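Take a look at the structure set out below.
All ligand and atom numbering here is 1-based and tracks the order in the structure. One-based numbering along the sequence shown. Keep in mind it's a predicted model, so treat the numbers as computed, not measured.
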Amino acid sequence: MTDIAKGLEGVLFTESKLTFINGSEGILTHLGIPIQEWAEKSTFEELSLALLDAELPTAEELARFDAQLRANRAVADSVLDVIRGMPRGVHPMQALRTAVSYLGLTDPEAEEITPEARRAISVRLIAQFATLIAAINRTQEGQDIVAPRTDLTHAGNFLYMLTGKEPTPEQARLFDIALILHADHGMNASTFTAIATSSTLSDMYSCITSAVGALKGPLHGGANEAVMDMLDEVGTPDKAEAYISAKLDNKEKIMGVGHRVYKNFDPRSRVLRDYAEQVANKEGKSNYYQILETIEKTVVDRIGSKGIYPNVDFYSGTVYSDLGIKKEYFTPIFALARISGWCASVIEYSQNNRLLRPDAVYTGLEGQHYSDLKDRS
Ligand SMILES: CC(=O)SCCNC(=O)CCNC(=O)[C@H](O)C(C)(C)COP(=O)(O)OP(=O)(O)OC[C@H]1O[C@@H](n2cnc3c(N)ncnc32)[C@H](O)[C@@H]1OP(=O)(O)O
Ligand SMILES: O=C([O-])CC(=O)C(=O)O
């Protein structure tokens with residue numbers, strides 16, 4: 001009997017210098033540097049550049065990249081018209097998938113797949129994802145689109161475009177850290193999807209459009225919104241333990257916990273929990289935070305022995321909702337960060353490309369002949 005790696009678990013299909021994960025010890029590094037240090041000391045701009053070039057930038061290189069991002073924030077009016085024309089009430093991830101696909105139609109270099117073109121398009125995509133997501137939010141809320149500013153950081157400008165108000169330095173920095181934590185994560189489903197698309201020698205916009213679709217699902221990036229739905233369903237902290245126990249008794253999955261690779265705490269969830277806790281200590285524990293605390297305890301007590309612990313999606317929503325962001329935008333914000341990892345991984349894989357084409361064990365019928373439709377019951 002041939003072994004099948006269901007879900008491709010543990011299958012090694014390429015080499016990468018970008019991200020290392022030790023799932024049993026809960027370790028995550030980018031370019032060998034622990035995620036906690038990136039979160040504490042770096043910026044999303046710096047990590048994005050480090051991933052794109054697979055090396056730590058100099059101050060001069062970072063300044064140049066930052067200037068390029070700022071200069072590329074605006075998107076063509078036709079893209080904004082498409083966003084304005086979208087039906088109201090669509091999920092923002094549907095809207096983002098369509099917007100990024102359309103964005104490709106406005107980029108004269110879109111079809112180029114040379115390393116230089118992939119790199120240049122990546123800079124534009126990283127810069128413009130923020131503009132697309134903020135514009136989707138504004139139009140879906142019936143508000144005017146806010147044009148990007150060049151005097152704010154990537155995180156600060158996004159929050160400004162989203163709300164129309166300049167964020168405080170603390171808010172911008174907190175959001176920057178959230179972006180850092182989500183920027184890359186090895187061969188997760190959406191990065192793998194981007195690479196699979198690029199392996200056919202398709203263009204960057206196709207890679208990223210397919211990655212957005214993969215991130216959207218609740219087993220992947222969509223889990224952060226699903227966690228918020230769960231918190232709303234639980235309602236109050238005193239109901240959390242019974243709610244989770246009943247779900248586990250029914251063999252239902254709890255959103256925001258469990259991971260294909262981490263069989264211990266996801267280090268990103270620890271960082272996010274610390275920030276959520278700081279806000280809770282400063283402003284009083286929010287209802288959401290208290291429910292999450294009880295869910296975490298119940299899950300770890302009941303199924304921690306199976307290696308089920310909170311993942312990155314567990315606490316991110318409380319941080320975003322503290323910043324006044326609606327839950328439908330949690331997954332687009334994940335995409336806002338992961339665009340760097342997607343682009344970097346496509347660039348890296350393209351340097352040594354081979355078409356991705358796995359196989360399946362055939363279990364269907366054999367030796368059959370075509371029968372006329374009228375003869376079939
Ligand atoms: C950014 C990210 O993508 S992080 C992941 C975000 N996704 C979520 O939070 C959704 C909830 N989590 C899950 O569905 C899963 O943990 C996944 C999809 C992330 C990983 O799943 P897999 O690696 O395929 O694990 P699998 O489904 O095989 O589960 C292994 C065991 O753990 C249990 N388990 C896994 N996740 C959960 C969960 N969230 N709640 C309850 N039990 C769980 C399974 O029921 C199974 O138990 P069993 O062996 O007794 O049958
Ligand atoms: O690595 C994974 O499978 C999912 C994940 O945590 C991520 O993409 O950030």
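Contacts between I308 and ligand 1 below 4.0 angstrom, taking non-hydrogen atoms only, involve the side chain exclusively. When heavy-atom distances to ligand 1 are checked against a 4.0 Å cut-off, K251 has no atom that comes that close, whether in backbone or side chain. Under 4.0 angstrom from ligand 1, the non-hydrogen atoms of D313 all belong to its side chain. Counting heavy atoms closer than 4.0 Å to ligand 1, residue V257 contributes atoms from both its backbone and its side chain. Contacts between F314 and ligand 1 below 4.0 angstrom, taking non-hydrogen atoms only, are absent altogether. Only backbone heavy atoms of P218 (N, CA, C or O) come within less than 4.0 Å of ligand 1; its side chain stays farther off. Using a 4.0 Å cut-off between heavy atoms, I303 contacts ligand 1 through its side chain alone, with no backbone atom that close. Proximity of V312 to ligand 1, defined as any heavy-atom pair under 4.0 Å, is confined to the side chain (atoms from C-beta onward). Contact annotation for H185 and ligand 2: heavy atoms of both the backbone and the side chain come within less than 4.0 Å of the ligand. Contact annotation for K253 and ligand 1: heavy atoms of both the backbone and the side chain come within less than 4.0 Å of the ligand.
Crowding of L355 atom CG: a count of heavy atoms from other residues, nucleotides or ligands under 6.0 Å exceeding 12.
The shortest heavy-atom contact between F44 and D176 is N-OD1, 3.0 Å.
Atoms of ligand 2 found under 4.0 Å from any heavy atom of R268 (numbered from 1 in listed order, with element): 5 (C), 6 (O), 7 (C), 9 (O). For ligand 2, the atoms lying closer than 4.0 Å to a non-hydrogen atom of F334 are 9 (O). Against a heavy-atom cut-off of under 4.0 Å, F334 is close to the following atoms of ligand 1: 1 (C).
Shortest contact from atom 47 (O) of ligand 1 to any protein heavy atom: K306 NZ, 3.2 Å.
The ring-ring contact (aromatic ring centres under 6.0 Å, His included) search around H259 returns H185, Y262, not counting sequence neighbours.
By the 4.0 Å heavy-atom criterion, G7 is excluded from the residues contacting ligand 1.
By the 30° and 60° cut-offs, the orientation of the rings of Y315 relative to Y289 is tilted.
Defined by atom type and a distance below 3.5 Å, a donor-acceptor pair is present between the side-chain atoms of S16 and E348.
When the heavy atoms of R338, H259, H182, H220 are ranked by distance to atom 6 (O) of ligand 2, first place goes to H259.
Ring centroid separation for the pair F13 and F192 comes in under the 6.0 Å cut-off.
Considering backbone and side-chain N/O atoms, K263 never comes within less than 3.5 Å of an N/O atom of ligand 1. Below 3.5 Å of separation, one finds no N or O of R268 facing any N or O of ligand 1.
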